[in-house]
Amino acid sequence: MTDRDKTEENRIKRKKTVTTLLANIGRVFLDFLASTGRVTLFLFQALSQGFRPPYYLHQILRQVWEIGYLSLPVVGLTALFTGMVLALQSYTGFSRFNAENVIANVVVLSMTRELGPVLAGLMVSGRIGAAMAAEIGTMRVTEQIDALTTLSTNPQKYLIAPRLLAGVTMLPLLVLVADSIGVFGGYLVSVYRLGFNPALYLQQTFDFMEIQDVTSGLIKAAFFGFIIALMGCYHGFNSKGGAQGVGKATTYAVVSSSILILITNYLLTSLLFEQG
Amino acid sequence: MTPKFSLKHLHKSFGQKHVLQGVNLEIFPGESMVIIGGSGTGKSVLLKCLLGLLHADKGSIQMDGQEILKESSTQQEQRLQDIGVLFQGSALFDSLTVWENVAFRLIYAQHMNRKEAKLIALQKLASVGLNESVANLSPAEISGGMQRRVALARAIATQPHVLFFDEPTAGLDPIFSSVINDLIRGCVNELGATALTITHDMKSARAVGDRIAMLYDGKILWCGPADEIDTCDNPYVQQFIHGSATGPIHLETDLQHVA
């Protein structure tokens, strides 16, 4: 084989590699667009069915109980320890600049704007998103969803719409509780471990906190609740192939909702706190 | 007589897998039709096409002379009001008690109050041989045979004029299978309903069917009165009903459908 032939062969190989790479990127992009389309269609169907009577009040209340009340311990504990760690770490950092007095401000701002909604969202995603995908996925593979249809009950109205509604309404309430417990955790560490004056700490907390800090967190929480319910329902509703399919649906629900929460958090933060 | 169901040239494929390849069948009012066939021959797909759970690719399905392949979701919901279905795995709702499962359509689709619905559910449970003690249990707390009876009670709770049974005796012991067969026959006779049963259990097919049709290679291969199936001269039917390993039906053919 001459040098010229070798060069030509290398050129063809390189061309093939680039083509394969581009084809893979294109395939991933097309898959992403197709998935987005399917989720959007699913959402529209659920919403269009959800707004029409009859409304399944019993199902809505059950989801409110599951998402709102039963998630309280896990969200509360997460917020408590986050607030406590936040106070400790802030003290370590700010004491280097003799700025320990801003700890109350840092705790309340971080909890209400970011950590409260994001951590509550991620914890609820793990607890509720996974449970939704597993329950609806099992209903799919055991023909319970087909049975619903044959019993003249629209599955999207009966299963999906109540979960979406409960997700959107319950997450803000959970975040409100998480904010309070997180701030309380910071207070406990600051007062009982770091020796802060309790009255002064509370005064600084309330003086510095603005209503917008709390409302922005609640708006984020409503979006996160919607994302968690949508991903849990979508992956469960479309699961296939027995126990393995349900397992996959559960994983996809948690992973996709967690990623979407982080992306949405950035977008909402830049939208809500955009500087003139 | 106008058929209750009329299927013409029905086709359904999943990618390269051609499951139904021109099914023609008529089911008359008050008749109990049984469709037999090996695993993977498309019996359940055919049933789901009739219910509207799967959309056929080609052909026509008429119920009472009305084309159902072009119906809207509202029309489908209305049509299904008069159809009761017993699913292969019972498909009871885990989150509800036994009586709530039976009364599901009464409460959620017909908006009957719960007290009244419970009374009817208890009557239906009694008609399938279950007493009040199981009514408040969850489906997970009762045996597979009892679950099948509850599913049957749910299917007949609103006294529908059409009943579909998907492998009603699958996974049950011979005694429970006979009980379910007798219950199905009883329910169909009592309601005067048109029934379609999908099964590969020949004992069940003979017990519940007025007519039997055999589905093979995506088409109806033979259709005739239940008492003539043993004397018919179709070699495929003969091989199937005798469960013989040798004959025109090859396992590879079935596997191609499954693959």
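Each chain gets a letter, A, B and so on, in the order its sequence line appears, and its residues count up from 1. We use all heavy atoms of the structure for the numbers below, so side chains are in, but hydrogens, waters and symmetry mates are not.
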For the atom pair [atom1] ([X]) and [atom2] ([Y]), what is the distance rounded to the nearest 0.5 Å?
X	Y	atom1	atom2	answer
A/T150	B/F164	OG1	CZ	10.5 Å
A/L151	B/T158	CG	OG1	8.0 Å
A/S152	B/E77	OG	CD	6.5 Å
A/Q144	B/D94	CD	CG	4.5 Å

Item to check | Over all atoms of both residues, closest heavy-atom pair of B/R154 and A/A147 | outcome: NH2-CB, 3.8 Å
Next on the checklist: I need the minimum non-hydrogen distance between A/T149 and B/L80, along with the two atoms involved.
Outcome noted: O-CD1, 3.3 Å
Checklist entry - Considering only heavy atoms from C-beta outward, does the side chain of A/L148 approach that of B/F93 to under 4.5 Å? => result yes
Checklist entry - Is any side-chain heavy atom of B/Y108 less than 4.5 Å from a side-chain heavy atom of A/H58? => result yes
Within a radius of less than 6.0 Å around [atom1] of [X], do more than 12 heavy atoms belonging to other residues, nucleotides or ligands occur?
X	atom1	result
B/Q66	CD	no
A/Y69	OH	no
A/Y252	OH	no
A/F184	CZ	no
B/E67	CD	yes
B/H11	NE2	yes
A/Y55	OH	yes

Checklist entry - Which bit of B/L53 is near chain A, if near means a heavy-atom gap under 4.5 Å: side chain, backbone, both or neither? => result side chain
Item to check | Steps toward salt bridge (Lys or Arg N to Asp or Glu O under 4.0 Å) verdict (B/K48, A/E143) | outcome: CA-CA 11 Å; B/K48 285 185 179 176; A/E143 294 186 308; 3.3 Å; yes
Checklist entry - Measuring heavy-atom distances to chain B, does A/T142 have an atom under 4.5 Å in its side chain, in its backbone, in both, or in neither? => result backbone
Checklist entry - Side chain, backbone, both or neither: which part of A/I145 has an atom under 4.5 Å from a heavy atom of chain B? => result neither
Next on the checklist: If you count heavy-atom pairs within less than 4.5 Å of chain A, which of B/Q81, B/Q110, B/H111, B/Q76 leads?
Outcome noted: B/Q81
